Each structure stands twice: as structure tokens, then as C-alpha cells.
2 protein chains.
Amino acid sequence: MLILRIMQQLDATDLRILTTLCAQPKASAVAVATELGLSRNTVQTRIARLETSGALLPFEQRINPAALGFPLTSFVHIHIQQRLLQGIVAQLVKIPEIIEAHGITGSADILARVVANGAEELFRVNGRILAIDGVERADTSLSMAALIPLRTGSLMNQRLFARETSGTQTL
Amino acid sequence: MLILRIMQQLDATDLRILTTLCAQPKASAVAVATELGLSRNTVQTRIARLETSGALLPFEQRINPAALGFPLTSFVHIHIQQRLLQGIVAQLVKIPEIIEAHGITGSADILARVVANGAEELFRVNGRILAIDGVERADTSLSMAALIPLRTGSLMNQRLFARETSGTQTL
DNA sequence: CCAAGATAGGGCAGGTTGCCCAATTATTTA
DNA sequence: TAAATAATTGGGCAACCTGCCCTATCTTGG
């Protein structure tokens with residue numbers, strides 16, 4: 001329902017287009033085409049497909065929470081009564097500072113990414129989470145440093161490399 | 001060194017522009033301007049500033065790892081000999097499947113986001129992490145569901161709302 | 001061998017960008 | 001409060017780009 005099944009593997013051309021766009025986000029289709037030695041039509045078709053197939057995440061992803069006034073990032077491991085998951089998620093969605101959440105395996109049930117403008121707000125959010133019916137514990141880990149900022153370039157290189165050599169991936 | 005200090009708080013106009021762009025990522029500056037009742041010049045100036053000030057993260061962020069052939073996401077809590085952090089991070093960066101990593105407080109030292117095309121690859125990556133000198137343990141939590149996909153819209157609403165109600169916030 | 005799909009190449013009207021400038025508001029600051 | 005500074009607006013212009021349409025190759029798989 002979210003992402004189309006049609007999300008088959010991207011081929012080398014798609015990857016080259018994406019790579020070019022990463023380097024020059026504002027590049028026009030024409031620019032990409034000439035740079036890659038493709039026709040404008042091809043590039044436009046590909047990009048359109050990438051957007052509809054779910055290969056491109058929403059623009060929202062590019063907005064920096066820090067710039068919005070939320071410089072602190074923390075990860076909260078939430079332990080819950082699993083049978084109440086549905087309702088708990090519904091409540092979590094209502095907390096704006098929770099900008100991401102995954103249902104995970106392991107001792108905790110949910111891993112949430114929480115941003116805040118300061119420690120107090122973090123504390124407040126923690127309180128709101130604990131107040132939800134079915135939540136039993138919430139362990140917060142504050143991010144002290146973004147050692148590796150979210151990237152996908154490494155994945156694209158991997159794919160391109162794998163294609164060219166056709167061998168086992170290594171590094 | 002990463003993000004410019006110039007990243008002062010965004011004002012209501014910036015937020016409105018960003019909100020509009022979220023709704024219509026392909027909207028031209030002219031379109032945004034007319035929709036918000038601003039001049040084209042203003043919108044273009046603002047957007048340019050947002051891009052240079054670090055309020056807009058790199059395009060890379062919009063690429064879906066799943067589309068690249070990495071449908072599995074997991075979170076790995078890494079315990080290390082803290083004095084070896086530097087070198088460990090240097091090694092982690094070389095592992096393409098690690099698309100994000102934070103230095104965190106709590107029992108674990110590093111929280112890494114790892115993607116893979118299958119369980120075996122996850123296992124391989126885990127091995128590579130454990131092989132790094134100074135790494136003592138790596139606990140993997142597989143993401144079974146993206147309960148809340150990364151979002152920032154909630155933050156923008158919060159900010160805009162805060163502005164409208166209480167007039168004190170400098171945002 | 002044919003059908004389907006992808007790519008190249010060309011065309012055209014209309015919208016858009018980049019850049020520049022002057023006039024008009026805010027907003028600060030002295 | 002007045003002067004200085006920054007933000008916004010409105011307009012103009014050439015170059016460029018997009019969206020859409022059509023056709024001719026060229027692969028690829030059945």
C-alpha cells in the first residue's frame with residue numbers, strides 16, 4: 001500500500017541517473033542526459049518511473065530537523081504489551097517529536113527516533129510515551145554525535161561495482 | 001564543520017515554503033510564490049538560503065534503499081572500547097551497508113542502521129563489524145515494520161502552530 | 001520471425017530560471 | 001527619532017527547460 005511492488009531492482013542506467021542527481025540535485029533532465037550520453041526522453045522517463053515506483057522518498061526527507069529548531073536527537077527503546085501495539089502506535093503518531101519508529105526484534109519492541117530542542121523537551125516526550133496505555137518501559141539513548149550521517153551513496157557504489165565485476169561483493 | 005552556524009531558526013515564511021514544497025515537490029518557484037502570496041524573488045532567495053544554510057539535507061536522503069536492492073533494515077547496537085572510537089568509526093564507514101551511525105549514551109556506544117538484501121548479508125555485515133579492532137559486542141535488532149516512516153511534517157506543524165498561538169517564540 | 005519495450009532524435013508552445021535593477025517596506029541601530 | 005540596513009516587490013529579458021507528440025531504430029524474449 002505504501003510502496004509499489006513494481007519496485008524491481010534498478011538497472012545501471014537508473015543508478016547512474018541517481019548518482020548524477022546526487023552530485024547535482026538541481027540538474028535538469030537535459031543536463032543529466034548529456035552528461036550520461038543518453039537522450040532526454042530516456043532520462044525523463046526513468047526519473048518519472050523512479051518517482052512513481054517509490055525509489056524516491058518524499059521531499060520531506062530532505063528537511064533538517066535541526067533547522068526546524070530540534071537540534072537534539074535521541075533513540076528511545078520502548079517495551080510494550082505487544083497485544084496493544086496497534087493502539088500504541090496510534091498514540092505515538094500523535095507525538096510530533098517522534099519522527100520515526102520501527103517495530104523491532106530483540107528485547108525492546110519499538111525503536112523510536114525522537115528530536116527535541118532541549119533536554120527538557122526530551123523529558124516531556126518521554127513522559128508522554130510512558131503515559132500511553134500498554135507502554136511498560138522507555139529507555140532513551142541520546143545521540144552525542146552523528147558518526148555517519150544517513151547515506152545511500154555507499155549502496156549505489158556497491159551496486160554499480162557489483163554489476164561491473166559481477167563477482168562477490170566485498171570491500 | 002558540517003552544518004553552518006548560519007542555521008538560525010527558520011521563520012514562518014520559510015516554513016510555509018517548505019510545507020508547500022512537501023506537498024508539491026516539483027512546484028516551481030513561481031507556483032510556490034503565487035500560492036503563498038509572495039513574490040517570485042522572495043521565494044527564490046529563501047530557497048537558495050535554505051539550501052546553503054543546511055536546512056535542506058542532501059538529495060541522497062531521498063533515495064530508497066529498498067529500491068536499491070536492500071529491503072531489510074536493522075539496528076545494530078555496538079559496544080566498543082571507547083578509547084578506540086576513532087579507528088572504529090573509520091572502519092564502519094567502509095561498510096557500505098551501514099547507512100547511518102550515531103554515538104550514543106547508554107549501555108551501547110554506537111547505534112548503526114544497517115540495510116541488506118537478505119538475512120545472510122546481515123550476518124556477513126555483523127561479522128565485519130565484530131572483526132573491527134576494539135568492537136566488543138554487536139546486538140542486532142531487525143526492523144519488522146516501519147511503524148512511522150521518517151517524517152518532519154509533524155515538526156513543521158508544531159512550529160507553525162506555536163507561532164500562531166503564542167507570539168513570543170522566535171521559533 | 002514478430003511483438004513489445006527501450007532509446008534516440010526532432011519539434012513546438014509555454015512556462016521557468018537566472019540575473020539585473022529600481023522602488024518600497026520593514027527592522028535595526030545609533 | 002532619524003538614519004542605516006535588510007527584506008520584499010515588480011518588472012524585464014534572453015536562454016533554457018518541460019511536457020507532449022511523433023517516428024525510426026534496436027534489443028529482447030516468446
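Chain letters run A, B, ... following the sequence lines, proteins first, then strands; residues in each count from 1. This is a predicted model, so every value here is computed, not measured.
- One distance of note links CZ of B:Arg46 with CG of B:Leu15; it measures 9.5 Å at 0.5 Å rounding.
- Listed by residue number, A:Ser28, A:Ala29, A:Val30 are the residues of residues 24-38 of chain A with a heavy-atom contact under 4.0 Å to DNA chain D.
- Nearest nucleotide to the B:Gln44 side chain, out of C:dG18, D:dT18, C:dG10: C:dG18.
- Under the side-chain contact (heavy atoms from CB on, under 4.5 Å) criterion, A:Ala138 pairs with A:Val76, A:Asn126, A:Ile129, A:Leu130, sequence neighbours left out.
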Chi angles and distances behind the side-chain contact (heavy atoms from CB on, under 4.5 Å) call for A:Arg113, A:Thr73: CA-CA 7 Å; A:Arg113 177 191 292 244; A:Thr73 295; 4.1 Å; yes
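- Separating the CZ atom of B:Arg46 from the P atom of C:dT17 is a distance of 18 Å, rounded to the nearest angstrom.
- Straight-line distance from the CG atom of A:Asn41 to the P atom of D:dA24: 15 Å, rounded to whole Å.
- Residue B:Arg40 has no polar side-chain atom (N or O) positioned under 4.0 Å from OP1 or OP2 of D:dG11.
- In terms of phosphate contacts, A:Thr42 brings a side-chain nitrogen or oxygen within less than 4.0 Å of OP1 or OP2 of C:dA8.
- Proximity of B:Leu147 to A:Leu92: side-chain heavy atoms (C-beta onward) are nowhere separated by under 4.5 Å.
- Taking the six-membered ring where the residue is Trp, A:Phe75 and B:His102 present perpendicular rings, their angle passing 60° and hence far from 30°.
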Chi angles and distances behind the side-chain contact (heavy atoms from CB on, under 4.5 Å) call for B:Phe70, B:Asn64: CA-CA 9 Å; B:Phe70 301 85; B:Asn64 189 341; over 6 Å; no
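- The CG atom of A:Asp11 sits 14 Å away from the C1' atom of D:dT28 (whole-angstrom rounding).
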